[in-house]
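I have placed the structure first, in the form of structure tokens, so that the comments after it can refer back to it.
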Amino acid sequence: KLLLHKRIYIQGNFFTTDNLGNCFVADKDEITKYDGNGSVFNKFSIKAFGAIESVDATNPLKLMVFYKDFAKLVFLDNTLSLNGSPIDLEELNLTQAKLACVSHSDGFWVYDQQKFALVRVDQNLAIAENTSNLNQLLGININPNYLCEYNNSVYLNNPETGILVFDVFGAYVKTIPLLHLTKFHVTNNAIYFMQNNKVISYNLKTTEQTEVNLLDVKYAEVRTEKGMLYLKNAELIDILKFE
């Protein structure tokens, strides 16, 4: 049974969480950090870089903020203060970065839609890994909408064909046949996503799917941290705990 632990009223088009139970809500150019009790902890904004495309809080002490329109990455510490200088992806010859996520050892991944390639940049801002043209390599049309790294695997979501899985060197491993997803959360050896107002978890080892029915409120996104479910729609985030 699921019990409502906390409800946070928000303004923002997407959110993420960290493994300490904090929530980060992005609204245009501003990020708001909420602690595990739903209280506003801090805010951050750089107007000059335009709208925030994504926030990756895999490392709670080093958040990555991606500004697609200006091809910029910014890193923040746990107080939402700047951690180092902004990174200009165009200077790294990543001229059409569509997606970005944190990688191991202080690196990051970028999906470059001009090259149809996944590129890993290391902590020294050198290109460490570079896939070939994925359209040609896999023989499919690539139009991905989400990217993350978890547990030595990289997950690139291509809604029409499924989630493409690569190893940390950029070698293609397999496709997980979950179609038409927009966002998901990979953790605890499972992929969590919303479908027909159910929370579905897909076990990465057994491929078994389990579902939790949510009747009262319609949600668009789900994440899970520390045994809690974080569910978001346009107006609120509900933090639910299992009884």
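Owing to the predicted nature of the structure, the values given are computational and were not obtained by experimental measurement.
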Any residue meeting side chain to side chain contact (heavy atoms under 4.5 Å, CB included) with [X], in chain and number order, not counting sequence neighbours:
X      : value
Asn93  : Thr95, Lys115
Ser81  : Asp77, Thr79
Glu235 : Asn233
Thr207 : Tyr202

[X] side chain near [Y] side chain, heavy-atom distance below 4.5 Å:
X      : Y      : answer
Arg7   : Leu231 : no
Leu2   : Leu214 : yes
Lys28  : Ile52  : no
Lys1   : Phe242 : no
Leu229 : Ile239 : no
Phe44  : Glu30  : no
Val40  : Asn42  : no
Met194 : Val199 : yes

Who passes ring pair (Phe, Tyr, Trp, His ring centres under 6.0 Å) against [X], sequence neighbours left out?
X      : value
Tyr219 : none
Phe49  : Tyr67
Phe75  : none
Tyr192 : none

Short side-chain to backbone donor-acceptor contact, [X] and [Y], under 3.5 Å:
X      : Y      : value
Asp167 : Phe169 : yes
Lys205 : Asn189 : no
Asn124 : Ala126 : no
Ser105 : Gly107 : no
Asn133 : Asn135 : yes
His185 : Val222 : no
Ser45  : Asp29  : yes
Thr17  : Gly21  : no
Asn158 : Gly162 : no

Could you tell me the separation between the [atom1] atom of [X] and the [atom2] atom of [Y], rounded to the nearest 0.5 Å?
X      : Y      : atom1 : atom2 : answer
His104 : Glu149 : NE2   : CD    : 5.0 Å
Leu73  : Phe66  : CG    : CZ    : 6.5 Å
Lys232 : Phe15  : NZ    : CZ    : 7.5 Å
Ser103 : Asn59  : OG    : CG    : 12.0 Å
Asn203 : Glu208 : CG    : CD    : 6.5 Å
Met64  : Asp106 : CE    : CG    : 12.0 Å

If you look at every heavy atom in [X] and [Y], which pair is closest and at what distance?
X      : Y      : value
Ser54  : Phe14  : CA-CZ, 3.6 Å
Lys218 : Asn197 : CA-OD1, 3.3 Å
Asn22  : Asp35  : OD1-CA, 3.4 Å
Arg223 : Thr16  : CZ-OG1, 3.3 Å
Ala190 : Leu204 : N-CD1, 3.9 Å
Leu20  : Pro60  : CD1-CB, 3.8 Å

Quick check on the hydrophobic clustering: are [X] and [Y] connected, directly or via other members, by side-chain heavy-atom contacts under 4.5 Å?
X      : Y      : result
Val65  : Leu125 : no
Leu82  : Leu63  : yes
Tyr230 : Leu3   : no
Phe108 : Val74  : no
Val119 : Leu92  : yes

Could you pull out all donor-acceptor pairs under 3.5 Å where a side-chain atom in residues 83-91 meets a protein atom, sequence neighbours excluded?
from  : atom 1 : to    : atom 2 : distance (Å)
Asp88 : OD1    : Glu90 : N      : 2.9

Q) For Asp56 and Thr58, does a side-chain donor sit closer than 3.5 Å to a side-chain acceptor? A)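 The criterion, which ignores hydrogens and geometry beyond distance, is satisfied for Thr58 and Asp56.
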Q | Check: Asn145/Asn157 side-chain N/O donor and acceptor closer than 3.5 Å | A |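 Judged by distance alone, the side chains do pair up.
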**Q.** Chi angles and distances behind the side-chain contact (heavy atoms from CB on, under 4.5 Å) call for Asp122, Arg120
**A.** CA-CA 6 Å; Asp122 68 18; Arg120 184 176 182 276; 4.0 Å; yes
Q) Can you check side-chain contact (heavy atoms from CB on, under 4.5 Å) on Leu178 and Ile200, steps first, answer last? A) CA-CA 11 Å; Leu178 297 171; Ile200 315 279; over 6 Å; no
**Q.** Criterion side-chain contact (heavy atoms from CB on, under 4.5 Å) on Leu76 and Ile31, from CA distance to verdict
**A.** CA-CA 11 Å; Leu76 308 177; Ile31 298 170; 4.2 Å; yes
Q. Should side-chain heavy atoms under 4.5 Å link Ile, Leu, Val, Met, Phe, Trp and Tyr, which residues sit in the same cluster as Leu138?
A.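 Answer for Leu138: Leu99, Trp109, Tyr111, Phe116, Leu118, Leu134, Leu137, Ile140, Ile142, Leu147, Val154, Leu156, Leu164, Phe166, Tyr172.
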Q) Taking the hydrophobic residues Ile, Leu, Val, Met, Phe, Trp and Tyr, and joining any pair whose side-chain heavy atoms are under 4.5 Å apart, which ones share a cluster with Phe41? A)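 Cluster partners of Phe41: none, it stands alone.
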**Q.** Step-by-step side-chain contact (heavy atoms from CB on, under 4.5 Å) determination, Glu160 to His180
**A.** CA-CA 6 Å; Glu160 294 304 311; His180 310 304; 3.9 Å; yes
**Q.** Within residues 123-161 or reaching into it, pairs that qualify as ring pair (Phe, Tyr, Trp, His ring centres under 6.0 Å) - sequence neighbours excluded
**A.**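 The answer is Tyr146-Phe184.
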Q) Is atom CG of Asn213 surrounded by more than 12 heavy atoms (other residues, nucleotides or ligands) closer than 6.0 Å? A)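 Yes, CG of Asn213 has more than 12 neighbouring heavy atoms, counting only those of other groups under 6.0 Å.
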